[in-house]
Amino acid sequence: MVAVDHDPPRDLSHLLPAVQILARLPADERMRYLRADRWIGYPRAVAALERLETLYDWPSKQRMPNLLLIGPTNNGKSMLVEKFRRRHPPSTEADQEFIPVLCVQMPSEPSVVRFYTALLVALGAALRPRQRLPELERLALSLLHRVGVRLLAIDELHNVLAGHGTSRREFLNLLRFLGNELRIPLLGIGTREAYLAIRSDDQLENRFEPMVLPLWEVNDETCSLLASFAAALPLRRPSPIATPDMASYLLTRSEGTIGELAQLLTAAAVAAVDSGEEAINRRTLLLADYGGPTERRRVFEAELR
């Protein structure tokens, strides 16, 4: 049984019902919870998940629709895809494994051989040294069919541009081949450079619908997001962060990405528990053990001198 404080707060109505229970836990347990990953839904992410569900249920045909999820680094793309993957987890029936959603990362130096190798590793296949491309391709396609993959997600797709002209063209051809051969939707995930890579091929550009997760700005959607954070963090006093002024301050420090914003709010929430303030406010934001991307880069470069 988890220990609770002897004198827990009476009014926790500013929190979600499930979070109210957590807010009654001791400080060390709440800080452990605060440092864990959490999903905060917002309209654009919900729309992306709904689009992925539509693709997942799409009937198999020769030319399948695909999605290209584009956004700055650390802006929630990978967490969104992981949320979708957890909705459709692997399973085993009668000793047969099924992987309905397969996620693979584009190699930093793209080549068809390295991609098939990454695909086989994601499938848990046993690899032999120095396997040739035709053998890797046959094995990968066979396993993809066997485990019933219904959607293939390729993260870090912008790495395609790291390759030379020939290898880049080979990989773009591979994307087209996989879509035709497997007859399943493909999901590409990456930065703006991923869109540029896909746009360089007319056929692929027509097959991939772009969906953008842009940097956050000071507006009603951001204030709503901050209100969701405030209700999901187990602090015993209300956090007055869902205002335009506070949104401007937080986005300036976090430089506009939801990943950095979550790190900042988490650090401030930990400071709020540790200091007894029990709310995210100007004081705990100053106490937060957090530096934005530019600040971290400046510190690192200074240490290199």
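Please read all numbers here as calculations on a predicted model, not as lab measurements. When a residue number appears, it is its place in the shown sequence, counting from 1.
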Report, as yes or no, whether the 6.0 Å neighbourhood of atom CG on Asn206 holds more than 12 heavy atoms from other residues, nucleotides or ligands. yes

My understanding is that only residues two or more places apart in sequence, or in another chain, count here; which of them pass side-chain hydrogen bond (donor to acceptor under 3.5 Å, both in side chains) with Glu50? none

Establish whether Val46 and Trp39 are linked, either directly or via other cluster members, by ILVMFWY side-chain heavy-atom contacts under 4.5 Å. no

Give the intermediate values and the outcome of side chain to side chain contact (heavy atoms under 4.5 Å, CB included) for residues His88 and Arg150. CA-CA 10 Å; His88 305 281; Arg150 294 177 56 179; over 6 Å; no

Side-chain touch Leu225/Ile258, heavy atoms, less than 4.5 angstrom: yes

If you define the side chain from C-beta out and look only at heavy atoms, does anything of Gln131 sit under 4.5 Å from Thr117? no

Output yes when a side-chain donor or acceptor of Thr92 lies under 3.5 Å from a complementary backbone atom of Asp95, and no otherwise. no

Is the charged tip of Arg51 near the ring of Tyr56: under 6.0 Å from the six-membered ring centre and within 45° of its axis? no

Going through the distances and angles, do Val149 and Leu182 end up as a side chain to side chain contact (heavy atoms under 4.5 Å, CB included)? CA-CA 9 Å; Val149 174; Leu182 298 173; over 6 Å; no

Tell me the closest heavy-atom pair linking Leu80 and Ala48, and the distance in Å. CD1-CB, 3.7 Å

So, do Ser254 and Gln263 sit near enough that their side-chain heavy atoms are less than 4.5 Å apart? no

For Glu217, is the CD atom crowded, meaning more than 12 foreign heavy atoms sit under 6.0 Å from it? no

Taking the side chain as everything from C-beta on, heavy atoms only, tell me whether Leu233 gets closer than 4.5 Å to Val19. no

Test side chain to side chain contact (heavy atoms under 4.5 Å, CB included) on Leu52 and Val101; report intermediate values, then the result. CA-CA 11 Å; Leu52 287 174; Val101 176; over 6 Å; no

Check: Ser248 side chain, Val218 main-chain N or O, donor-acceptor pair, under 3.5 Å: no

Would a single hydrophobic cluster contain both Met211 and Trp216, if residues Ile, Leu, Val, Met, Phe, Trp and Tyr are joined by side-chain heavy-atom contacts under 4.5 Å? yes

Residues Asn180 and Arg207: side-chain donor-acceptor under 3.5 angstrom: yes

Would you check, one step at a time, whether the test side chain to side chain contact (heavy atoms under 4.5 Å, CB included) holds for Leu187 with Leu152? CA-CA 6 Å; Leu187 169 63; Leu152 175 61; over 6 Å; no

Can a salt bridge be assigned to the pair Glu82 and Arg85 using a cut-off of 4.0 Å between side-chain N and carboxylate O? yes

Determine, for Lys77 against Asp155, whether the closest basic-nitrogen to carboxylate-oxygen distance falls under 4.0 angstrom. no

Side-chain donor/acceptor of Asn159 to backbone N/O of Met106, under 3.5 Å: yes

Strictly distance-based, threshold 3.5 Å: is any side-chain N or O of Arg114 a donor or acceptor partner for the main-chain N or O of Glu109? yes

Taking atom CD as the centre, does Glu53 end up with more than 12 heavy-atom neighbours from other residues, nucleotides or ligands that are less than 6.0 angstrom away? yes

Will you find, in the side chains of Asn219 and Thr222, an N or O donor that is under 3.5 Å from an N or O acceptor? yes

Are side-chain heavy atoms of Leu123 and Leu102 found at a separation under 4.5 Å? yes

Transitively linked via ILVMFWY side-chain contacts under 4.5 Å: Tyr195 with Val160? yes

Out of curiosity, Met246 CE to Ser239 OG, how far, rounded to the nearest 0.5 Å? 9.0 Å

Value for CG (Leu151) from CG (Asp57), rounded to nearest 0.5 Å, stands at 10.5 Å

Let me confirm one number: the CG-CE distance from Leu25 to Met31, rounded to the nearest 0.5 Å. 12.5 Å

Can Trp58 be reached from Ile154 by stepping across I, L, V, M, F, W or Y side chains whose heavy atoms are under 4.5 Å apart? no

Which pair of heavy atoms, one from Leu186 and one from Gly179, lies closest together, and at what distance? CD1-N, 4.2 Å

Ignoring hydrogens and angles, tell me if any N or O in the side chain of His158 forms a donor-acceptor pair with the backbone of Thr191 under 3.5 Å. yes

Does a side-chain N-to-carboxylate-O contact under 4.0 Å join Arg236 and Asp11? no

If I compare all heavy atoms of Leu285 with all of Arg253, which pair ends up nearest, and what's the gap? O-NH1, 2.8 Å

Applying side chain to side chain donor-acceptor pair (under 3.5 Å) as the test, list every pair that has at least one member in residues 270-280; sequence neighbours left out. Arg30-Glu278, Glu277-Asn281, Glu277-Arg283

Can you tell me how far CD1 of Ile70 sits from CZ of Phe208, rounded to the nearest 0.5 angstrom? 10.0 Å

Where the side chain of Arg296 meets the backbone of Gly291, is there a donor-acceptor pair that is under 3.5 Å apart? yes

Pairwise side-chain contact, Arg87 with Leu49, heavy-atom cut-off 4.5 Å (strictly under): yes

Quick one: pull up CD1 in Ile198 and CG in Leu204 and give me the separation to the nearest 0.5 Å. 5.0 Å

Interatomic spacing from OG1 in Thr266 to CG in Asp37 - rounded to 0.5 Å: 9.0 Å

Please tabulate, one pair per line, all N/O donor-acceptor pairs under 3.5 Å involving side-chain atoms of residues 138-146, not counting sequence neighbours.
none

Is it the case that Thr294 and Glu255 place a side-chain donor and acceptor less than 3.5 Å from each other? yes

Using the salt bridge (Lys or Arg N to Asp or Glu O under 4.0 Å) criterion, which residues pair with Asp28? Sequence neighbours excluded. none

Ignoring hydrogens and geometry, is there a side-chain-to-backbone donor-acceptor pair from Gln20 to Leu12 under 3.5 Å? yes

Under the rule for ring pair (Phe, Tyr, Trp, His ring centres under 6.0 Å), what residues qualify as partners of Phe98, not counting sequence neighbours? none

Could you pull out the closest heavy-atom pair between Leu15 and Ala230, with the gap in Å? CD2-O, 3.5 Å

Can you establish whether the number of heavy atoms outside Arg192 located under 6.0 Å from its atom CZ is more than 12? no

Any side-chain heavy-atom pair from Ser200 and Leu172 closer than 4.5 angstrom? yes

Please tell me whether Asn74 and Glu260 have a donor and an acceptor in their side chains that are separated by less than 3.5 angstrom. yes

Any side-chain heavy-atom pair from Asn75 and Pro72 closer than 4.5 angstrom? yes

Do Val270 and Leu287 share a hydrophobic cluster (ILVMFWY, side-chain heavy atoms under 4.5 Å, transitive)? no

Sorted by chain and number, sequence neighbours left out, ring pair (Phe, Tyr, Trp, His ring centres under 6.0 Å) with Phe115 holds for Phe171

Leu213 and Gly76: which non-hydrogen atoms are nearest, and at how many Å? CD1-C, 4.4 Å

Ala232 and Tyr33 have their tightest heavy-atom pair at O-OH, 3.9 Å

